[in-house]
Amino acid sequence: MSGLVGQALPLLPELLLTATALGLLLIARCWSRPAVVGGLTLAAFGGALVALLALVGPSTPPHELGHAMLLRTPLTAFFQVGVLGVMLLITLLLLGYAPLSQMPWVECFSLLLLSTVGLLLLIGAQSLVMVYIGLELVSLTSYLLTGFLRQEATSAEGGLKYFLYGTLATAMMLYGISWLYGATGTLDLPTLTADLLGGSHPHQPMILVGILLLTVGLGFKVGLVPFHHWAPDAYEGAPTPIAAFISAGPKLAGFAVLLRVFWLAFRGMTADWSAVLEVVAILTMTLGNLAAFWQTNVKRLLAYSSIAQAGYIVIGVVAASGTGATAVGYYVVAYVLMNVAAFACVIAVSNATGRDDLGAYAGLAQRQPMLAAAFAIALLSLAGIPPTAGFLAKVGIFVAALQSGRLLLAVAAAVNSVIAVAYYAVLLKQMYLKAPASDAPAALTPWPLTLALGASLAGTLLFGLWPAPLWGWLSAALPTAS
Amino acid sequence: MACPWLTILTFLPLLGALITLAIPRDRVTAIRTVATVATALTLGVGLLLLAQFYPAAEGYQFVERITWIPGANITYYLGLDGISLPLILLTALLGFLACLASFGIQERVKEYFALYLLLETAMLGTFLALDLFLFYVFWEVVLVPMYFLIGIWGGPRREYAAIKFFLYTLAGSVFMLLAILFLFLTSSPHTFAIPELAATGAALALRVQQWLFLGFFVAFAIKVPVFPFHTWLPDAHVEAPTPISVLLAGVLLKMGGYGLFRIAFPLLPTAARAFAVPLAVLAVINIIYGALVAMAQTDFKKLVAYSSVSHMGFVLLGLSAFTTMGFNGALLQMFTHGIITGGMFLLVGVLYDRAHTRELAAFGGLGARLPVYAGLLMVFSLASLGLPGLAGFVSEFLSLLGTYAAHRTLTTLSVLGIVLAAGYILLMLQRVLLGPLNPRWQTLPDVTRRELITLVPLLALTIAIGVWPALILDLQAPTLGRLVAALTGLPG
């Protein structure tokens, strides 16, 4: 018995979430109030967070779990803590979302918990099989959650598109994994790393094909061009808190895996994959920013904005250095906070008006100055204006690009951050420069929504003004052996 | 520990902004009072610094330095010297006077003053920061309140003008950011501190220095604005409400010139010297082109806006000389242009508030109807065209004299700018003040007491500097002497 407990204990965060997810499905029908189930979900996320922090300290040595399928290091713990923190916010968003009662909300919370398990597994994956399993768990639950507004056609459409693109992408990724397995005879990432360290391998072309196909799967998850087409429809159709979830959670986990696989495991072949990712980064930033400008639906606008943001973050991966990894870690956390804040504002407005178009925001500053100011800060942070976290995040990316000698990438990112202001300012213009419509109802912010907005906004400002703790944690967590 | 005067100076307006935010929005008088007190106290602290400033001392005074972000060696580092002091005084003075002029704002008063005060903090911080990172933060923060101030309270084309201003300035700044980060990565140990980066920059190869210089120059040139980066200026200046036009012309344009003085020249001296002739050429284009376009204007405010382009050319011209006299002229020109054009924009605003038009053709004969207004307009206009005895003459003369030895032909061409200025200014005076009175303006009231309070200090300074330029020159000359010595390698 003690042996079983001894094996289960290190996996407590994952197990706790799984048990809650399944438990909710079985017994939650007894309670008819979302607040109770939401509260249980919050407790599960909070418990998992505490357990994780208790299991991994800053100086805990890396250790393998579950028959070497998973790895726990300070760096994986950093991203996992990030995921759990975000899930707390997302759960609050759901509780403050007016149409929640029209959704099968028990299943919604349960799937969210399962999806989080997938994210945690993905971050900790030590084997390519685990990467695939984690990714599929996240994807399948996300497809369902996107289509959860069953009476809305756009929701179903978004879910279906997400599903069709997603299955293709994960299938290609699985195919890529099989190429890698064929070339090296292993799926274990440390063994793979050791095999490829020399830079030349007897089956080099096969490995390159494998890496390329792997990029498709991961690129789909974090929304990189040209695997981004699902994002605008999925964001628009999904219930807004779920849109916030698919814009935040998979990005955190996806970039953790990109670092793990590309920066660490494929470090012997940096020249090959970084050339590909460099092009992808430039395309992603540029396309995302240019397309965002023409959007009239706020959720679609934020979808393209998060595509562009992913483009910036990839630069940190391309840099393939400790600086780059720190920049990625900081940027992802900053991005998640400001994006959740932005989505919280979108929910507040749509709660009252049922609208997500730009016109719904006209004159918001005069009707609800606090909400407008909050949204403005989130947007300015997304645009990279100091003194917000979004600004420092961009600086980190620029430093990583310059330090690795990729001037073109740095200039492309700089030019893009100017283009981006043009569409973030479209929203600022609506809120501050336009007169309010006389019949516009006041936005509705129940307290969970206010709490989520306040917390994410405080993080955005705090990490912008005082990033030392976050940076310190990150740089201490970076693997030193590489 | 000494009293952190510079922090107090910088953040007093912000404190005022936070207080205004706490006041209910319909208590307009209370909001105005808080803003006025905040800007007045800031001006008071500025004058206190002036009293305690010791011009001959080397290096920076009132220095404050604490670690901000340890991982990247970013410091909160403020300091004052002969380059920043005149601009600090200018900012604090115009900040106070334009605040009084803002009493005419009737809509969304609370938001207006909160943004206004945030803007003042950012402007002061830009002139005081000695850490490039901190400098960039303040520099960027200026954009946000300015965008809203133009966009919400501006004229008919305010939305266009506001976003154009935002994007133009940002486009310049991102390249500056890349240059800053490059310098940071090159320095060893990594630092953002301007005094320490001087050695790093100077040691770089000319080619690298030139690229970095261009990165900084784009940002500063857009702010100055240098032809062909000036097209945001007429839109922003014309659409902005009067007090904001005053700050735009009086302070924001100086941020560009200040950046050249503080960063681009001292950190990249070889590149700066290598670019001396192109800089002088751009200066001449600014002076002559700005004057010619000003002459063609039929809108009073646009005329003043384009005259700024011309006047700021003298700043660039003096900078291209690499002589003590040229630098003194350039820096003094920034100060005098700030007070003179500030006054001009206030006067345009006075007229527009009454007549609701700025078409020069619509006026005429106001000299007899509004004697006080006419008197003020005459003095500021003559100062603007460079009449000896008034402030504008001294700085433009010094700038020309200091540059003559270095670029004879170009300096000679620039003198044309003064002739053209006489042309457009006198033409404007004639169309506004002389001739038959348009019967529509039969009942226009003359300048009110509040307007007079905003104008008289500027008028007094314009005359005082014109008669006794040492008032400002004594503050800046020692620092500039050392800067020129460091740039040219000769003892100042």
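Chain naming here is simple, since letters A, B, ... match the order of the sequence lines and numbering starts at 1 in each. Being a predicted model, the structure only gives us computed values, none of them experimental.
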Q.
Rounded to the nearest 0.5 Å, what separates atom CZ in B/R158 from atom NZ in A/K429?
A. 11.0 Å
Q) CE of A/M431 to CZ of B/F148: how many Å apart, nearest 0.5 Å? A) 7.0 Å
Q: Begin with the C-alpha distance, continue with both residues' side-chain angles, and end with the deciding distance and a verdict on side chain to side chain contact (heavy atoms under 4.5 Å, CB included) for B/Y147 and A/L428.
A: CA-CA 10 Å; B/Y147 167 79; A/L428 292 180; 4.2 Å; yes
Q) Is it the backbone or the side chain of A/L380 that comes under 4.5 Å from a heavy atom of chain B, or both, or neither? A) side chain
Q: Grab the two heavy atoms, one from B/F182 and one from A/L402, that are nearest each other, plus how far apart they are.
A: N-CD1, 3.9 Å
Q. Any side-chain heavy atom of B/R108 within less than 4.5 Å of one from A/Y432?
A. yes
Q) When rounded to the nearest 0.5 angstrom, what is the spacing between CD in B/E159 and NZ in A/K434? A) 4.0 Å
Q: Identify the two heavy atoms, one from A/A414 and one from B/V174, that lie closest to each other, and give their separation to 0.1 Å.
A: O-CG2, 3.8 Å
Would you tabulate the side-chain donor-acceptor contacts of residues 456-467 of chain A under 3.5 Å, counting partners in other chains and residues two or more places apart, or write 'none'?
| from | atom 1 | to | atom 2 | distance (Å) |
| --- | --- | --- | --- | --- |
| A/S456 | OG | A/A452 | O | 2.8 |
| A/S456 | OG | A/L453 | O | 3.1 |
| A/T460 | OG1 | A/S456 | O | 2.7 |

Q) Could you walk me through whether A/I419 and B/L167 pass the side chain to side chain contact (heavy atoms under 4.5 Å, CB included) check? A) CA-CA 8 Å; A/I419 302 175; B/L167 290 179; over 6 Å; no
Q. So which part of B/F175 gets closer than 4.5 Å to some heavy atom of chain A, the side chain, the backbone, both or neither?
A. side chain
Q.
Ignoring hydrogens, what is the shortest heavy-atom contact between B/E140 and A/I385? Give both atom names and the distance.
A. OE1-CD1, 4.2 Å
**Q.** Structural part of A/L392 lying under 4.5 Å from a heavy atom of chain B
**A.** side chain
Q.
Is the distance between the ring centroids of A/F391 and B/F133 under 6.0 Å?
A. yes
Q) Take atom CZ in B/R65; do more than 12 heavy atoms of anything else shown fall under 6.0 Å from it? A) yes
Q: Quick one: closest heavy-atom pair of B/L181 and A/V395, and the distance?
A: CD2-CG1, 3.9 Å
Q.
Testing the basics here: between B/I163 and A/A425, what is the closest heavy-atom pair and its distance to 0.1 Å?
A. CD1-CB, 3.3 Å
Q. Would you call A/P369 and B/K110 a side-chain contact if the rule is heavy atoms closer than 4.5 Å?
A. no
(Q) Is it the case that atom CH2 in B/W211 sees more than 12 heavy atoms from other parts of the structure closer than 6.0 Å? (A) no
Q: Select all residues of residues 306-339 of chain A having any heavy atom within less than 4.5 Å of some heavy atom of chain B, and report them by number, or 'none'.
A: none
Q) Of all heavy-atom pairs between B/L170 and A/S417, which one has the smallest distance, and what is that distance? A) CD2-O, 4.0 Å
